[in-house]
Amino acid sequence: MPAATVVDAGAIASLGWACVEQNAAWGAGLYGCNPARVLAVLQRASIKLDNKGRR
């Protein structure tokens with residue numbers, strides 16, 4: 001499981017909440033979220049590589 005993801009949820013009539021899809025955190029928009037918290041998620045989702053492509 002990735003360190004950080006975004007889950008799109010929706011309500012199904014008479015059943016309740018459901019997960020619609022899950023995506024990489026960097027592919028999501030702000031959609032009314034707190035920008036500082038979004039930045040924290042993006043930092044968590046990022047992997048720093050050296051100049052040879054290693055973690």
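Along the sequence shown, residues are numbered consecutively beginning with 1.
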Check your understanding: Shortest non-hydrogen contact from Ile12 to Ala18?
Key ->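 Heavy atoms of Ile12 and Ala18 come nearest at CD1-CB, 3.6 Å.
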Distance-only donor-acceptor hits, side chain of residues 32-47, under 3.5 Å, sequence neighbours excluded:
| unit_1 | atom_1 | unit_2 | atom_2 | d |
| --- | --- | --- | --- | --- |
| Asn34 | OD1 | Ala36 | N | 2.8 |
| Asn34 | OD1 | Arg37 | N | 3.4 |
| Ser46 | OG | Leu42 | O | 2.7 |

Point to revise | Distance (rounded to the nearest 0.5 Å) between Asp8 CG and Asn23 CG | key: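 The CG atom of Asp8 sits 5.5 Å away from the CG atom of Asn23.
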